[in-house]
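Down below is the structure, laid out as structure tokens.
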Amino acid sequence: MKHYDKLIFVSESDTATGPMAEAILQREFLLEDILITSKGLVVLFPEPINPKAEAVLVSHSLSMKDHISDQLTDDDFDDRTLILTIDSQQRERLLKEHSDAMNVFSLSSYIQAEQEVPDPYGGSLADYNRCFEMLNAQVLRLASILSTEEMSRKPDILEQDL
């Protein structure tokens, strides 16, 4: 399986779903170090995480209080970086706007989930919490997949050491 050194969650503005996914995956144990970050498709100026998204993270013993939104650029694409958009519409938009894009999947397609995570923008705190719960389930599945990919390449490394 393909090994990545970096994983970027891409959301619309990098102020809610992307940072929440980043926080969840950073909490999970991965066999190899993978730089985990989030970026936005439209970041007009740097912004902190949405207060409702942060409140939901804090209620789950996580925080992204120091997060500042960041724009996805052409420099973010390479063969060692996995790009996961929060939904398939964002993936399609990303592919139209970045001709050199590679290793780009929607989160739900990468983990083969039946549903995409809805954007809670403009919703209530309960909407953000429902979004978190769905993101949490999908990101835990992602962590399992990434760990399995790492384990599947470990024997080759171990055999070389012998």
Could you tell me whether the side chain of [Y] reaches within less than 4.5 Å of the side chain of [X], counting heavy atoms only?
X      : Y     : answer
Leu146 : Leu7  : yes
His98  : Leu72 : yes
Tyr4   : Asp79 : no

Any pair counted as side chain to side chain donor-acceptor pair (under 3.5 Å), so long as it reaches residues 45-56, sequence neighbours left out: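 Of all non-adjacent pairs touching residues 45-56, those that pass side chain to side chain donor-acceptor pair (under 3.5 Å) are Asn50-Tyr128, Glu54-Ser63.
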Of all residues at least two apart in sequence or in a different chain, which pass the side-chain hydrogen bond (donor to acceptor under 3.5 Å, both in side chains) check with Asp100?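 Expected list: none.
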In chain order, what residues pass the side-chain hydrogen bond (donor to acceptor under 3.5 Å, both in side chains) check against Gln138, with sequence neighbours excluded?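 By the side-chain hydrogen bond (donor to acceptor under 3.5 Å, both in side chains) rule, Gln138 matches no residue at all.
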Please, which pairs that meet salt bridge (Lys or Arg N to Asp or Glu O under 4.0 Å) have at least one residue in residues 103-130, sequence neighbours excluded?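 Residue pairs passing salt bridge (Lys or Arg N to Asp or Glu O under 4.0 Å), neighbours aside: Asp127-Arg130.
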Evaluate the side-chain hydrogen bond (donor to acceptor under 3.5 Å, both in side chains) criterion for residues His60 and Asn129: first the C-alpha distance (whole Å), next the side-chain angles of each, then the deciding distance (0.1 Å), finally the verdict. CA-CA 10 Å; His60 292 278; Asn129 194 59; 3.1 Å; yes
Is a donor on one side and an acceptor on the other found under 3.5 Å between the side chain of [X] and the backbone of [Y]?
X      : Y      : result
Thr81  : Phe77  : no
His67  : Ala16  : no
Thr148 : Ser144 : yes
Glu22  : Phe9   : no
Glu92  : Gln89  : no
Arg80  : Asp5   : no

Sidechain N-carboxylate O distance under 4.0 Å for Arg93, Glu97: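 Result for this pair is yes, salt bridge flagged.
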What is the distance from atom OG1 of Thr15 to atom CD1 of Ile49, rounded to the nearest 0.5 Å?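 Going from OG1 on Thr15 over to CD1 on Ile49, the span is 8.0 Å.
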Partner set under salt bridge (Lys or Arg N to Asp or Glu O under 4.0 Å) for Asp70, not counting sequence neighbours: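 By the salt bridge (Lys or Arg N to Asp or Glu O under 4.0 Å) rule, Asp70 matches Lys39.
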Looking at residues at least two apart in the chain, or sitting in another chain, which of them share a ring pair (Phe, Tyr, Trp, His ring centres under 6.0 Å) with Tyr121?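 Once residues adjacent in sequence are excluded, Tyr121 has no partner under the ring pair (Phe, Tyr, Trp, His ring centres under 6.0 Å) criterion.
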Under 3.5 Å, is there a donor on one side chain and an acceptor on the other for Arg27 and Asn136?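 A pair is found: one side chain offers a donor N or O, the other an acceptor, under 3.5 Å apart.
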Leu107 pairs by side chain to side chain contact (heavy atoms under 4.5 Å, CB included) with which of Asp87, Leu135, Thr85, Val10?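 Checked Asp87, Leu135, Thr85, Val10 against Leu107; only one passes side chain to side chain contact (heavy atoms under 4.5 Å, CB included): Leu135.
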